[in-house]
A.B. asks: 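Here you go, one structure.
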Number of protein chains: 2
Amino acid sequence: MTPTALSEGAPDPVEDFLKRRKKATINDVASLARVSKKTVSRVINHSPSVRAETRDQVNAIIARIGFKPDPQARGLAFRRSFLLGLVYDNPNAQYVINIQNGVLDCIRGSGTELVVHPCDKTSPDFIDEIRDFVELQRLSGVIVLPPIAENRQLLSALDDLDVPYVRITAMPGEENTPPIASTQVVSRDRMGCRAAAEHLADLGHSRIGFISGPAGYASARQRRQGFDEGLTGRGLTLDPVLIVQGEYTFESGYLAGKALLSQSPRPTAIFSSNDEMAVGVYKAAAEQGLSIPDDLSVVGYDDAPIAARVTPGLTSVRAPIRDMGRAAADALIAENRKDSTIFDTTLIVRQSTGPAVLAFKP
Amino acid sequence: MTPTALSEGAPDPVEDFLKRRKKATINDVASLARVSKKTVSRVINHSPSVRAETRDQVNAIIARIGFKPDPQARGLAFRRSFLLGLVYDNPNAQYVINIQNGVLDCIRGSGTELVVHPCDKTSPDFIDEIRDFVELQRLSGVIVLPPIAENRQLLSALDDLDVPYVRITAMPGEENTPPIASTQVVSRDRMGCRAAAEHLADLGHSRIGFISGPAGYASARQRRQGFDEGLTGRGLTLDPVLIVQGEYTFESGYLAGKALLSQSPRPTAIFSSNDEMAVGVYKAAAEQGLSIPDDLSVVGYDDAPIAARVTPGLTSVRAPIRDMGRAAADALIAENRKDSTIFDTTLIVRQSTGPAVLAFKP
DNA sequence: TTGTATGCGTTATCAC
DNA sequence: GTGATAACGCATACAA
């Protein structure tokens, strides 16, 4: 039925309403559609127990007056908001925004919005602060990033709040011992590091430096383990003298690189547990007049934007971080909640790695 | 008064309540404090018309049972949420997260949370989409980033919504012609670029390449203008042949650098309108066997993390981006709403710039 | 200074 | 299948 087909004398109540230019509420829809609020509510929430005819009629009104349910009122009644929370204490801005972009990819147009909430894991009321955030905002889901995704206190607090949450981690299962039983989005850090080790071994390197991540980080453990496995597979082992602990920062990578390169004989290759530190190694190498990859091969982890920008391009292990963010959000938004998702990591070979024979001048 | 001091026979109603382990509401506070909901509400909202005695008594109960007003219910009644929106369509992840971190610095502990909402300025319903977001979430404030902070359609849409909003821009006032009259957080892009030009001129450079930002970007115009001013002050001018337009991306910087360096005589210095492109110039220079700064001086803009990480360190103009994010949030949160804030930019000299005399071998 | 009744916009209960 | 009424948790208008 077209509105203009109505008798000219009686003005269309819908047109009448539109002239008022007021934000439409469920009441307006109800009265214009000549049904009760509850019926409108049923239509909004796709309740099956509405006659098709009624439903279409209500939907027509909704479309005409441009009604959108108020998330706050809806949330109040539902006892939950339509917000996802991103909780992290991670100094790597690039990592955080990659995840964030993935999450945003997923929720775009879904009616759910993303609230970002960094925190300070060294604060005494770190847990309470997050608990308040989640509880107060009545989040419909929470995404937790490493390293606090490995914090058992936090996890059990989230369990208590019984809010759906997803952890992003580097090791499947490991920290999921009871009572923690959350969904995980996992990257196979070991896999890519194994490939990195094999790549270096195949280039003839045997004197290889290793810059690890900070103690207590699952990613640091996994990368170390993967690298070990790769070397072992090639009949090599990591010389304890050539292992330096870094902090995932540029500065720590620089210092570690300096320390490694001052040894005699010096390593012909260095694996750095992230790109940030790898670029620190670049600086250390430049200071010593060493050229990459001729005098020294370098491999990083993350395949951060900087890896493709430095000269020479940095060979690095890529994890599909944005995809992981997307998967995390999807696990929280999707109807049928998924189990954990696991992502492979792959070695991206650029120009920072070359044959050991060139570098071997003791 | 200590609770335990009460008569042992009559159990403390507060203790009684705490045993129930239910989330406290304003009703609980009211009944335990033996006042009406309204009085509790007054205390929460710091109404002056509450007797100090009553206030303290209510606050005591609030503290004991750990009551926190529900933002959703509060928002519903207030007709606004306690959320700030960050709206942007900016490919520079580092920039976005810097702003974001500044905003988060400011709102931490304020009870306000940040909702990030990227958008697509090329989409046909770009404006509508943002309007819906702001209206539906009843945001208490919006922060708009460049380049869409210069989009008049968007600005007037925000004006219509009469939501407090702050724009982050590179040029004070310019695009604030009526009816737009929003608060601005401004960086003096020209200032730093003027300094960059002077720096290069003082090093003896006169054949200087200039890589601009994309057409239509206020920042691109301002940086160009500042650089011009700086050269003019030193009796130099920009050779049109040595001006190439970039897109603020690494790739576009690489191509622009390649084009500039293929000229004969080639420039002895290149100013790039952001760091991303400047690093592209590094790559182009390396390919041509040119060493920085001996054969070529390079200056960037942003002082992004990468500027300090590449070798040699990139001389770059620094804008206090995080501070600007903080200022933007502050303008929206603070009691007495501020006017626009303007931030200076400064030249950070590193190792990528040197005397022209060395580079001058035509 | 304090309380009562009512509204904010939606959903849940339980009738019909 | 549909509707009247009471939540949801808090704020405002108006009295007292």
Side-chain angles (χ1 to χ4, degrees), chain A residues 17 20 22-59 61-62 65-83 111-112 132 135-140, chain B residues 17 20 22-59 61-62 65-83 111-112 132 135-140:
Chain A
F17 172 84
R20 293 217 182 77
K22 237 197 60 196
K23 236 187 83 178
T25 76
I26 199 173
N27 289 308
D28 301 320
V29 178
S31 72
L32 288 173
R34 298 173 180 288
V35 297
S36 73
K37 295 162 58 164
K38 183 58 202 172
T39 297
V40 179
S41 174
R42 287 197 178 90
V43 172
I44 295 171
N45 295 295
H46 306 101
S47 160
S49 59
V50 174
R51 223 183 347 155
E53 194 179 332
T54 316
R55 171 168 44 71
D56 295 344
Q57 183 180 335
V58 170
N59 274 328
I61 297 291
I62 288 180
I65 69 176
F67 165 73
K68 315 235 166 145
D70 180 332
Q72 281 197 297
R74 219 144 99 87
L76 185 58
F78 270 137
R79 277 176 206 72
R80 72 175 194 86
S81 70
F82 298 89
L83 301 173
T112 301
D132 281 356
E135 206 165 30
L136 228 52
Q137 300 298 328
R138 296 181 186 280
L139 298 179
S140 64
Chain B
F17 172 84
R20 293 216 183 77
K22 236 197 62 196
K23 235 187 85 177
T25 77
I26 198 174
N27 289 309
D28 301 321
V29 178
S31 72
L32 288 173
R34 298 174 180 288
V35 296
S36 73
K37 292 162 60 165
K38 181 56 206 172
T39 298
V40 178
S41 174
R42 286 196 179 89
V43 172
I44 293 171
N45 295 294
H46 305 101
S47 160
S49 59
V50 174
R51 217 177 358 146
E53 194 179 333
T54 316
R55 171 167 44 71
D56 295 345
Q57 184 180 335
V58 170
N59 275 328
I61 297 291
I62 288 180
I65 70 176
F67 165 72
K68 315 236 165 143
D70 181 330
Q72 280 197 298
R74 208 141 169 266
L76 185 58
F78 268 136
R79 278 176 206 72
R80 72 176 193 82
S81 70
F82 297 89
L83 302 174
T112 301
D132 281 356
E135 207 165 31
L136 228 53
Q137 300 298 328
R138 296 181 187 280
L139 298 180
S140 63

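This is a predicted model, so every value here is computed, not measured. Chain A is the first sequence line, chain B the second, and so forth, proteins listed ahead of strands; every chain is numbered from 1.
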A.B. asks: In whole Å, I'd like the distance from the CG atom of N27(B) to the P atom of dG3(C).
C.D. replies: 13 Å

A.B. asks: Say whether, by atom type as modelled, one donor and one acceptor occur between the side chain of D56(A) and the main chain of E53(A) under 3.5 angstrom.
C.D. replies: no

A.B. asks: How long is the line joining CG of D70(A) and C1' of dT10(C), in whole Å?
C.D. replies: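 Roughly 8 Å, once rounded to whole Å.
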
A.B. asks: Measure from CD on Q72(B) to C1' on dA7(D) and round the result to the nearest Å.
C.D. replies: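 These atoms are roughly 15 Å apart.
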
A.B. asks: So do the side chains of S140(A) and L83(A) get within less than 4.5 Å of each other, counting heavy atoms only?
C.D. replies: no

A.B. asks: Would you mind telling me which of dT11(C), dG1(D), dT2(C) lies closest to the side-chain atoms of K38(A)?
C.D. replies: dT11(C)

A.B. asks: Ignoring backbone atoms, establish whether T54(A) has a side-chain N or O less than 4.0 Å from OP1 or OP2 of dT2(D).
C.D. replies: yes

A.B. asks: From the options dA11(D), dG9(D), dT2(C), select the nucleotide whose nearest atom is closest to the side chain of S41(B).
C.D. replies: dA11(D)

A.B. asks: To the nearest Å, give me how far apart CG (L76(B)) and C1' (dC8(C)) are.
C.D. replies: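 It works out to 4 Å between those atoms.
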
A.B. asks: Let me know, please, whether S49(A) or K37(A) comes out on the 5' side of the other along DNA chain D by nearest nucleotide.
C.D. replies: S49(A)

A.B. asks: Determine yes or no for a side-chain-to-main-chain donor-acceptor pair under 3.5 angstrom, with S81(A) supplying the side chain and R138(A) the backbone.
C.D. replies: yes

A.B. asks: Return the 5'-most residue of the pair R42(B), P69(B) with respect to DNA chain D, ranking by each residue's nearest nucleotide.
C.D. replies: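 The answer here is P69(B).
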
A.B. asks: Looking at dG9(D), dT11(C), dT2(D), which one has an atom nearest to any side-chain atom of T39(A)?
C.D. replies: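 Looking only at side-chain atoms, T39(A) lies closest to dT2(D).
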
A.B. asks: H46(A) has an atom NE2; how far is it from atom P of dG1(D), in whole Å?
C.D. replies: 17 Å

A.B. asks: Picking from dT11(C), dC10(D), dT1(C), which would you name as closest to the side chain of F67(B)?
C.D. replies: dC10(D)

A.B. asks: Taking only the side-chain nitrogens and oxygens of R74(A), find out if one of them lies under 4.0 Å from OP1 or OP2 of dT11(C).
C.D. replies: yes

A.B. asks: Testing the basics here: between Q72(B) and G75(A), what is the closest heavy-atom pair and its distance to 0.1 Å?
C.D. replies: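 Minimum heavy-atom separation between Q72(B) and G75(A): NE2-CA, 3.4 Å.
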
A.B. asks: In whole angstroms, how far is the P atom of dG9(C) from the CD atom of Q137(B)?
C.D. replies: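 Between P of dG9(C) and CD of Q137(B): 15 Å.
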
A.B. asks: Which part of the nucleic acid does R79(A) contact within heavy-atom distance under 4.0 Å: base, sugar-phosphate only, or nothing?
C.D. replies: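 Sugar-phosphate only.
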
A.B. asks: Whole Å only: how far is the CD1 atom of I26(B) from the C1' atom of dA7(D)?
C.D. replies: 16 Å

A.B. asks: Hey, does the side chain of N45(B) reach the backbone of R42(B) with a donor-acceptor pair shorter than 3.5 angstrom?
C.D. replies: no

A.B. asks: Taking atom C1' of dT2(C) as reference, at what distance in whole Å does atom CD of E53(B) sit?
C.D. replies: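 For the pair E53(B) CD and dT2(C) C1', the rounded distance is 13 Å.
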
A.B. asks: Does V35(B) reach a base, just sugar-phosphate, or nothing at all? Heavy atoms under 4.0 Å.
C.D. replies: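 Answer is sugar-phosphate: V35(B) comes under 4.0 Å of backbone atoms only.
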
A.B. asks: Output yes when at least one side-chain N/O atom of N45(B) is less than 4.0 Å from OP1 or OP2 of dA11(D), else no.
C.D. replies: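 It does, given that an N or O in the side chain of N45(B) lies less than 4.0 Å from OP1 or OP2 of dA11(D).
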
